[in-house]
K.L.:
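One structure, pasted below without further comment.
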Amino acid sequence: MNTTQPAMLASASLLKADAIVAGIDGLRQRALAAVKRALDGDFSSAQLDRHQVVSYELAMLSAETYAARTMLAYAQQCVAGGDGADFECAMVNCAVADFSTRARGRLEKIKYAVELDEAALADVFATPDSHEFLRAWLDPATVAATGHQALEQLGFGRSQLDEDKEIIAAAFARFADEVVAPLAEKIHRHDLTVPEEILAPLREMGCFGLSVPERYGGSSPDSGEDHLAMVVVTEELSRASLAAAGSLITRPEIMAKAIYHGGTEAQRAAWLPGIANGDPLCGIAITEPDAGSDVAAMRFKATRADGGWLLNGAKTWSTFAGKSGILLVLARTDPDPALGHKGLSLFIVEKPSTEEKEFSLSQPQGGRLSGAAIPTIGYRGMHSFTLFFDDWFVPDDNLIGGEDALGKGFYLTMKAFAGGRLQTAARANGLMRAAFAEAMRYAKERRVFGQALSEYQLTLVKIAQMAWNLRACHEMTYTVARLMDGGGGHIEASLVKLYACRAAEAVTREAVQIHGGMGYSEETPVSRYYVDARVLSIFEGAEETLALKVVAKELITNAGTPPQ
């Protein structure tokens, strides 16, 4: 197989790739504007729900377009630097060609609803330049050659980082390989709670203080945030185990941001140092059995009592709630249902830590809190609980932000969850890197019909697809981390979560498929990667809710508005 010719032509094709992505983006913006006109200024949930299918397709297309743009920017950076440019450009061109076919499919589904005629589509997808580009970069031999190059890239997976982040990555990579990986399979198979062998050294390494400013005992600079450090650490830990390591940062990330941005100075001083030290560990109790991702529909209530509040109701999918010593709880403090999300407030709930999968706690004044772990197909180690609160007393000091923050819990939650979405993308990156490495190793070792799997065209195409999905997710995640460090990037955090979680499902699925029957066996790590990946599109904002209620709503509302 000639692997050099595609690489030699790759750099020159980037301009054509960029033009195709720009054309698709133009169609996307035109479609968003059409939905906005149909709404005629009414952006209520009821009106937006009349356009759910269109909104969903446009949200996913927006995530894919953002992925293509960030990949192109990275390839252009490689060309300027000259390091590995041929391979990176070839991979990006193949990815853009593949994206083009999927984008057309999404637009074909909705073209009659968003005023896109055949001529508009033809101006992007049927020009001589686009035909020439697609003919070159959808050619199976070309894609397979790119897959062959990916197999030869030692350590392929992580993008370029500055020296300080490389040092952080290396330290946590060693910990992941030496401490987490040997325990990961046992924790998964026996559904164990994350052990102290993992937790204690992570406390020493400052893992839980990545989102806590230095003046409160964390490692985030006082002058701003360091989302990129959080992303790099998360990725390396998730590579060894999603549930037993990579997800340990999520809850302190969310809780620390809620307290830092919404709490009083006394609350910051009281709680952030402990969170940074991993003592106590954190849990998040937002979701309710009948509300799911619809935060505004929550009925869990907090009523005033002497010196504090009484919490009543049920929460579910509260991950790590047993082991945690504090819970971030969203409750309705104003009983008026017409207020919706404006009647919600955030509380810090203290409780004893336990490794049991069921617990029942009582307070001297009569309050009760019980919990039971939910059996799951994957993501084992942290355990997600259903919790029942019965007159559980919380002092006034534990109302985040105090009286001035009553009714602001929804906004604080959403602000905190933006970082959680970025962190989820980082978890997806780590999981994909692990699955990709195992797939490449097995493809080289396994012989079928007289030759290695890695010598077959279809296997090489799968490898190429896995490689460009991983590269896209890296570039998006690192780009968004830098945007968030500068105070922006909130809609981009949602876009990267949409793309990376779906990509993780695709990459781990192909890793299992390359392993064949062995991939379906618990004897191989890829089976764990596959079931773990499936949860990513569900938590930190289910894919459909995130696409419709966050991404599509903002994009449609701002359609036609020049970016700031």
K.L.:
Return yes when atom NZ of Lys408 has more than 12 non-hydrogen atoms of other residues, nucleotides or ligands closer than 6.0 Å, and no otherwise.
P.N.:
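Open: at most 12 neighbouring heavy atoms sit under 6.0 Å from NZ of Lys408.
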K.L.:
Hey, is Arg304 close enough to Glu403 for a salt bridge, meaning N to O under 4.0 Å?
P.N.:
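Yes, this pair counts.
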K.L.:
Per the salt bridge (charged side-chain N to carboxylate O under 4.0 Å, His left out) rule, what does the pair list look like for residues 40-62, sequence neighbours excluded?
P.N.:
Asp49-Lys549, Glu57-Arg106, Glu57-Lys109
K.L.:
Between Cys89 and Leu14, what is the shortest heavy-atom contact and its length?
P.N.:
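That would be SG-CD1, 3.5 Å.
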K.L.:
Do any N or O atoms from the side chain of Lys36 and from the backbone of Thr557 form a donor-acceptor pair under 3.5 angstrom?
P.N.:
yes
K.L.:
Keeping to residues at least two apart or across chains, list the ring pair (Phe, Tyr, Trp, His ring centres under 6.0 Å) pairs with something in residues 529-560.
P.N.:
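For residues 529-560, and leaving out neighbouring residues, the ring pair (Phe, Tyr, Trp, His ring centres under 6.0 Å) pairs sorted by first residue read Tyr379-Phe539.
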K.L.:
Among Asp397, Leu399, Ile259, Leu327, which residue meets the side-chain contact (heavy atoms from CB on, under 4.5 Å) test with Ile348?
P.N.:
Ile259
K.L.:
Quick one: does any side-chain atom of Ser220 pair with a main-chain N or O of Ser211 as donor and acceptor, under 3.5 Å?
P.N.:
no
K.L.:
Salt bridge or not between Lys301 and Asp334? Use side-chain N to carboxylate O under 4.0 Å.
P.N.:
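Salt bridge flag = no for Asp334 with Lys301.
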K.L.:
Assign the ring pair His474 / Tyr478 to parallel, tilted or perpendicular, where the plane angle (0 to 90°) is split at 30° and 60°.
P.N.:
tilted
K.L.:
Is there a side-chain contact between Leu27 and Phe125 (heavy atoms, below 4.5 Å)?
P.N.:
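Yes; the side chains approach each other to less than 4.5 Å.
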K.L.:
For Arg299, does its backbone N or O pair with a side-chain atom of Arg332 as donor and acceptor, under 3.5 Å?
P.N.:
no
K.L.:
Looking at Phe300, I'd like to know if the NZ or CZ of Lys315 sits under 6.0 Å from its six-membered ring centre while staying within 45 degrees of the ring's axis.
P.N.:
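Cation-pi check for Lys315 and Phe300: passes.
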K.L.:
Donor-acceptor check, side chain of Lys415 to backbone of Ala258, threshold 3.5 angstrom: yes or no?
P.N.:
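No; zero donor-acceptor contacts below 3.5 Å.
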K.L.:
Please check if the side chain of Glu115 supplies one atom and the backbone of Ala31 the other of a donor-acceptor pair under 3.5 Å.
P.N.:
no
K.L.:
What closest approach, in Å, do Ala68 and Val21 show between heavy atoms, and which atom pair accounts for it?
P.N.:
CB-CG2, 3.9 Å
K.L.:
Are Val496 and Cys473 close enough, and set up right, to give a side chain to side chain contact (heavy atoms under 4.5 Å, CB included), and what steps lead you there?
P.N.:
CA-CA 7 Å; Val496 70; Cys473 292; 5.8 Å; no
K.L.:
Begin with the C-alpha distance, continue with both residues' side-chain angles, and end with the deciding distance and a verdict on side chain to side chain contact (heavy atoms under 4.5 Å, CB included) for Met432 and Met466.
P.N.:
CA-CA 8 Å; Met432 281 187 278; Met466 296 165 80; over 6 Å; no
K.L.:
Looking at the rings of Trp309 and Phe347, which for Trp means the six-membered one, are their centres under 6.0 Å apart?
P.N.:
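Ring centres of Phe347 and Trp309 closer than 6.0 Å.
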K.L.:
If we count only N and O atoms by modelled type, under 3.5 Å, do the side chains of Ser384 and Thr319 hold a donor and an acceptor together?
P.N.:
yes
K.L.:
Between Lys16 (side chain only) and Glu132 (backbone N and O only), is there a donor and an acceptor less than 3.5 Å apart?
P.N.:
no
K.L.:
Please name all residues satisfying side-chain contact (heavy atoms from CB on, under 4.5 Å) with Asp123, sequence neighbours left out, ordered by chain then number.
P.N.:
none
K.L.:
Between Trp137 and Ala97, what is the shortest heavy-atom contact and its length?
P.N.:
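What the structure gives for the nearest pair is CB-CB, 3.9 Å.
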K.L.:
Verify the neighbour count for atom NZ of Lys111: are there more than 12 heavy atoms of other residues, nucleotides or ligands below 6.0 Å?
P.N.:
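More than 12 heavy atoms, drawn from other residues, nucleotides or ligands, come within 6.0 Å of this atom.
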K.L.:
Shortest non-hydrogen contact from Ile286 to Met298?
P.N.:
O-CE, 2.6 Å
K.L.:
Are Asn469 and Gln465 linked by a side-chain donor-acceptor pair shorter than 3.5 Å?
P.N.:
no
K.L.:
Provide the closest heavy-atom pair for Gly407 versus Ser345 in the form atom of the first, atom of the second, distance.
P.N.:
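Where Gly407 meets Ser345 most closely, the heavy atoms are N-OG, 2.9 Å.
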K.L.:
Indicate whether any N or O donor in one side chain lies under 3.5 Å from an N or O acceptor in the other, for Thr250 and Arg427.
P.N.:
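Yes, side-chain donor-acceptor contact under 3.5 Å.
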K.L.:
Please report the interatomic distance CG(Leu72) to CG(Asp18), rounded to the nearest 0.5 Å.
P.N.:
5.5 Å
K.L.:
Can you check side chain to side chain contact (heavy atoms under 4.5 Å, CB included) on Thr287 and Ser318, steps first, answer last?
P.N.:
CA-CA 7 Å; Thr287 304; Ser318 181; over 6 Å; no
